[in-house]
Amino acid sequence: MVGSAESNAAVWKSDASVAQWVATEEERERARAWPRRLLAELLPFAEHEEFTFVDLGAGTGAASRAVLDRYPSATAVLADYSTQMMQEGQRALAAYAGRYRYVEIDMAAGRWPDDLAGGLPAVISSLCVHHLTDERKDGLFREVFARLAPGGWYLNYDPVSNEDPAVEDAWRRVQDRRDPQTALKRAHRTPEEQARWDNHVRHIIPLGPQLEYLRSAGFEAVDVYWKELDHVIFGGRRPVA
Ligand SMILES: C[S@@+](CC[C@H](N)C(=O)[O-])C[C@H]1O[C@@H](n2cnc3c(N)ncnc32)[C@H](O)[C@@H]1O
């Protein structure tokens with residue numbers, strides 16, 4: 001576990017890795033516009049309601065921006081542990097000045113800033129929980145539950161795996177048909193790209209256990225609110241009473 005946490009930090013706290021990630025972000029985000037918008041729409045707020053949400057593993061703030069766009073009176077707390085990603089985020093979030101702040105958190109350690117101790121109306125995460133060990137996924141969901149206000153929602157957008165290789169083959173077939181470069185890139189990764197890929201897939205697990213983590217943490221209204229191939233939006237809310 002320590003080794004994998006260190007490799008993950010080596011990717012996300014590396015100037016070169018983050019520069020490469022940011023350089024290709026726009027292209028990846030084009031395909032994510034719809035799930036990003038849906039995640040925002042799933043939050044139970046009126047359009048002009050004032051509320052503050054937390055975005056875990058926020059990176060440069062792609063998920064936060066979708067929520068801030070959907071709710072013009074909302075403010076965001078973006079939590080991450082990579083100085084490089086947070087610096088890039090300051091640039092990406094320039095148009096949202098005054099509506100967001102960054103805080104440092106290491107989700108692998110389970111220590112949260114004192115001012116995020118409870119009463120949160122909503123917590124979101126995207127494309128980062130899969131970097132945690134199963135023990136920490138479970139732990140993180142419990143920590144989120146404990147910090148949500150009654151009725152508060154948690155939504156997570158993330159890749160999952162499947163134990164049936166035929167299912168994974170079907171996912172890959174569609175991905176390769178949509179972008180023939182994908183298969184080529186897979187076969188010709190540089191050592192750095194391979195290290196980033198290994199870090200990406202290391203802790204991706206099926207959906208079922210993650211829904212169980214949510215339920216056993218106490219969440220209700222647990223559902224898979226969207227799914228396309230290996231990407232899902234799932235979550236639930238803390239009971240009102
Ligand atoms: C693939 S990026 C996703 C960023 C953003 N949520 C998005 O949807 O574009 C993964 C992010 O998770 C952050 N991250 C990975 N492990 C983390 C940890 N243990 N604690 C805090 N942040 C972490 C990385 O620094 C990075 O910003």
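It should be emphasised that the depicted structure is a prediction, and the values quoted were computed from it without experimental measurement. Read the numbers this way: they start at 1 and go in the same order the structure lists the ligands and their atoms. These numbers come from the heavy atoms of this one structure, side chains and all, not from hydrogens, waters or symmetry mates.
Inclusion of T60 in the set of residues having an N or O under 3.5 Å from an N or O of ligand 1 is not warranted. Between R36 and ligand 1, at least one N/O pair is under 3.5 Å apart. At under 3.5 Å, a nitrogen or oxygen of S126, whether backbone or side chain, sits near a nitrogen or oxygen of ligand 1. On a distance-only criterion, D55 and ligand 1 share no N/O pair closer than 3.5 Å. Checked against a 3.5 angstrom limit, the closest N/O atoms of D106 and ligand 1 fall inside it.
A salt bridge links R101 with D115: at least one charged nitrogen is closer than 4.0 Å to a carboxylate oxygen. A salt bridge does not link D169 to R173: none of the charged side-chain nitrogens sits closer than 4.0 Å to a carboxylate oxygen. A salt bridge links R36 to E29: one of the charged nitrogens lies within less than 4.0 Å of a carboxylate oxygen.
Taking the six-membered ring for Trp, Y154 and F145 have ring centres at least 6.0 Å apart. Centroid-to-centroid, the aromatic rings of H131 and W12 come within less than 6.0 Å.
Distances below 4.0 Å separate heavy atoms of A108 from the following atoms of ligand 1: 19 (N). Below 4.0 Å from some heavy atom of S82 lie the following atoms of ligand 1, by number and element: 25 (O). Residue contact check: I105 has heavy atoms under 4.0 Å from atoms 20 (N), 21 (C) of ligand 1. Taking every non-hydrogen atom of G57 and a distance limit under 4.0 Å, the qualifying atoms of ligand 1 come out as 4 (C), 5 (C), 6 (N), 11 (C), 12 (O).
For the pair R28 and W21, the distance from NZ or CZ to the six-membered ring centre is under 6.0 Å and the angle to the ring normal is within 45 degrees. Both tests pass for R147 against the ring of W112: distance under 6.0 Å to the centre and angle within 45° of the axis. With a 6.0 Å cutoff to the six-membered ring centre and a 45° limit on the axis angle, K137 does not count as a cation-pi contact of Y213.
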Quiz prompt | salt bridge (Lys or Arg N to Asp or Glu O under 4.0 Å) evaluation trace for E143 with R136 | solution = CA-CA 10 Å; E143 289 156 19; R136 281 306 302 149; 2.8 Å; yes

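Of all protein heavy atoms, the one lying nearest to atom 13 (C) of ligand 1 is D80 OD2, 3.4 Å. Closest to atom 16 (N) of ligand 1 among all protein heavy atoms lies N8 ND2, 2.9 Å. Protein heavy atom closest to atom 1 (C) of ligand 1, with residue, atom name and distance, is L127 O, 3.2 Å. Looking only at heavy atoms of the protein, atom 12 (O) of ligand 1 is closest to C128 CB, 3.4 Å. In terms of protein heavy-atom proximity, atom 22 (N) of ligand 1 is closest to Y81 CD2, 3.4 Å.
Contact annotation for W21 and ligand 1: only side-chain heavy atoms (C-beta onward) come within less than 4.0 Å of the ligand. Of all the heavy atoms of W12, the ones lying under 4.0 Å from any atom of ligand 1 belong exclusively to the side chain. At a heavy-atom cutoff of 4.0 Å, ligand 1 is contacted by both the backbone and the side chain of M107. Contact annotation: for A58 versus ligand 1, heavy atoms closer than 4.0 Å belong to the backbone alone.
There is no side-chain donor-acceptor pair under 3.5 Å between T182 and D176.
At least one side-chain heavy atom of L207 sits under 4.5 Å from a side-chain heavy atom of F234.
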